[in-house]
Amino acid sequence: MEQDVESPISTRQPKLPKQAREDLIKQKCTKRKIQRYVRKDGKCNVHHGNVRETYRYLSDIFTTLVDLKWRFNLLIFVMVYTVTWLFFGMIWWLIAYIRGDLDHLQDKSWSPCVDNLNGFVSAFLFSIETETTIGYGHRVITDKCPEGIILLLVQSVLGSIVNAFMVGCMFVKISQPKKRAETLVFSTNAVISMRDGKLCLMFRVGDLRNSHIVEASIRAKLIKSKQTKEGEFIPLNQTDINVGYDTGDDRLFLVSPLIISHEINQHSPFWDISKAQLPKEDLEIVVILEGMVEATGNIQN
């Protein structure tokens, strides 16, 4: 039994004139580069400039430290501890210097404020031992120095506050599930086609990990500049895109890849945009997926 096989026919593109080829190259080179409002990695491409009230960042110093980059955060972490150790080490050395302990190092009958404290280096080491509660036992405070006892109490309390603040800051920064978004995959392109007799905008989202996103919900925003009826121009206006809020389809059980659908009807921001006009529109669709990470219990978005 013979079977008809269609042989592939190689079609040659007509050779364009030189002028036409040059114009085509110019069009590719001068193609307008679209600047994104939100980058593919989820970070907003917005830079704050001309901020005069910078003191507001210091009023919420904890959040400011958490938002810093890792290299600055680690630098501040090391500097805070080093400065506090040096500061209290200087005070311990001043107490020994004012009391005359440094002049009676070989006098066995002299009762110093801190035993075996013979200079600034030993005072600095004693400051580290006191604040970190190491206590090697070689240098120890005596009961003949009330000012030293008061300083010991102050350094212990302030050291506990510094530890709570800095360790808490590092813990919050480490536990942020920013890298969890690396395993949440969106489709490269969104499509507009018919689905159940309705014109819909659709895209797909999936999770690559075995640990799921609990109570996941999805939202979408249309970023587009608009002009009001009164003539006011609003740059980067945000409009909600209904992806199932009314029917509950925006709440996802993200075990397998899901198709998110938006019906283009009279209430859709795409209703007045034609097929020919769509490629010329300067707009951006931002999809926000948020939920609770099953492994850590942190909120991911």
Side-chain angles (χ1 to χ4, degrees), residues 43-44 46-179 296-299:
K43 296 181 180 180
C44 296
V46 177
H47 302 280
H48 298 282
N50 196 22
V51 180
R52 299 179 181 179
E53 299 177 351
T54 55
Y55 66 89
R56 295 183 181 272
Y57 294 103
L58 297 179
S59 62
D60 188 11
I61 186 64
F62 187 83
T63 306
T64 302
L65 290 176
V66 172
D67 291 340
L68 287 176
K69 295 182 179 180
W70 267 109
R71 53 180 176 269
F72 299 117
N73 208 301
L74 293 175
L75 177 63
I76 293 175
F77 186 85
V78 174
M79 290 298 298
V80 166
Y81 279 106
T82 304
V83 169
T84 53
W85 294 337
L86 287 172
F87 174 75
F88 284 103
M90 178 64 70
I91 297 179
W92 285 114
W93 179 82
L94 284 175
I95 291 176
Y97 178 80
I98 294 174
R99 294 183 79 257
D101 295 343
L102 301 180
D103 299 329
H104 300 81
L105 296 177
Q106 304 300 328
D107 190 356
K108 300 298 182 180
S109 61
W110 181 265
S111 180
C113 183
V114 180
D115 287 334
N116 301 312
L117 195 151
N118 51 20
F120 177 76
V121 176
S122 59
F124 174 68
L125 294 176
F126 180 71
S127 174
I128 298 177
E129 295 176 21
T130 302
E131 189 167 332
T132 57
T133 65
I134 295 176
Y136 290 115
H138 183 64
R139 281 172 288 271
V140 60
I141 190 172
T142 62
D143 57 354
K144 304 298 183 181
C145 182
E147 61 271 23
I149 296 175
I150 295 176
L151 180 60
L152 178 65
L153 294 175
V154 172
Q155 185 175 5
S156 298
V157 173
L158 291 181
S160 299
I161 295 175
V162 171
N163 287 334
F165 186 84
M166 298 307 301
V167 174
C169 177
M170 296 297 292
F171 176 78
V172 172
K173 191 169 183 64
I174 292 174
S175 60
Q176 285 182 335
K178 290 184 177 180
K179 295 300 181 182
T296 61
N298 294 322
I299 301 298

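Contact between F88 and L151 at its shortest, heavy atoms only, is CD2-CD1, 3.7 Å. Closest approach of E147 to I95, counting heavy atoms only: CG-CG2, 3.9 Å. Looking at every heavy atom in both residues, V80 comes nearest to V162 through CG1-CG1, 3.7 Å. Scanning both residues, V167 and F77, for their nearest heavy atoms gives N-CE1, 4.5 Å. Contact detail for V114 and D101: the closest heavy-atom pair is N-OD2, 4.5 Å. Nearest heavy atom pair, residue W93 against residue G119, reads CD1-C, 3.6 Å.
The CG atom of L125 sits 12.0 Å away from atom CG of N116, with the distance rounded to the nearest 0.5 Å. Distance CD1/I91 to CZ/F87: 3.5 Å, rounded to 0.5 Å. Separation of atoms CG (N118) and CD (Q106) is listed at 9.5 Å; rounding is to 0.5 Å. The distance from the CZ atom of R139 to the OG atom of S127 is 11.0 Å, given to the nearest 0.5 Å. Taken to the nearest 0.5 Å, the CG atom of L86 stands 8.0 Å off from the CD1 atom of I128. The line from CZ of R99 to CG of L94 is 13.5 Å long, rounded to the nearest 0.5 Å.
Listed by chain and number, the residues in a side-chain contact (heavy atoms from CB on, under 4.5 Å) with D115 are P112, V140, T142 (sequence neighbours excluded). With sequence neighbours excluded, no residue forms a side-chain contact (heavy atoms from CB on, under 4.5 Å) with L153. Listed by chain and residue number, T63 satisfy the side-chain hydrogen bond (donor to acceptor under 3.5 Å, both in side chains) test with D60 (two or more places apart in sequence, or in another chain). Annotation: disulfide bond (SG atoms under 2.5 Å apart) contacts of C113 (sequence neighbours excluded): C145.
The side chain to side chain donor-acceptor pair (under 3.5 Å) contacts involving residues 70-88 comprise Y81-N163, T84-E131, where partners must be two or more places apart or lie in separate chains. Sorted by first and then second residue, the ring pair (Phe, Tyr, Trp, His ring centres under 6.0 Å) pairs involving residues 106-136 (not counting sequence neighbours) are W92-F126, H104-W110.
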Might you work through the side-chain contact (heavy atoms from CB on, under 4.5 Å) test for V172 and F62, ending with a clear yes or no? CA-CA 10 Å; V172 172; F62 187 83; 4.0 Å; yes

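With hydrogens and angles ignored, the 3.5 Å screen pairs a side-chain donor or acceptor of S160 with a backbone N or O of S156. The backbone N or O of L68 sits less than 3.5 Å from a side-chain atom of K173, completing a donor-acceptor pair.
Residue-environment remark: CZ (F165) exceeds the threshold of 12 foreign heavy atoms within 6.0 Å.
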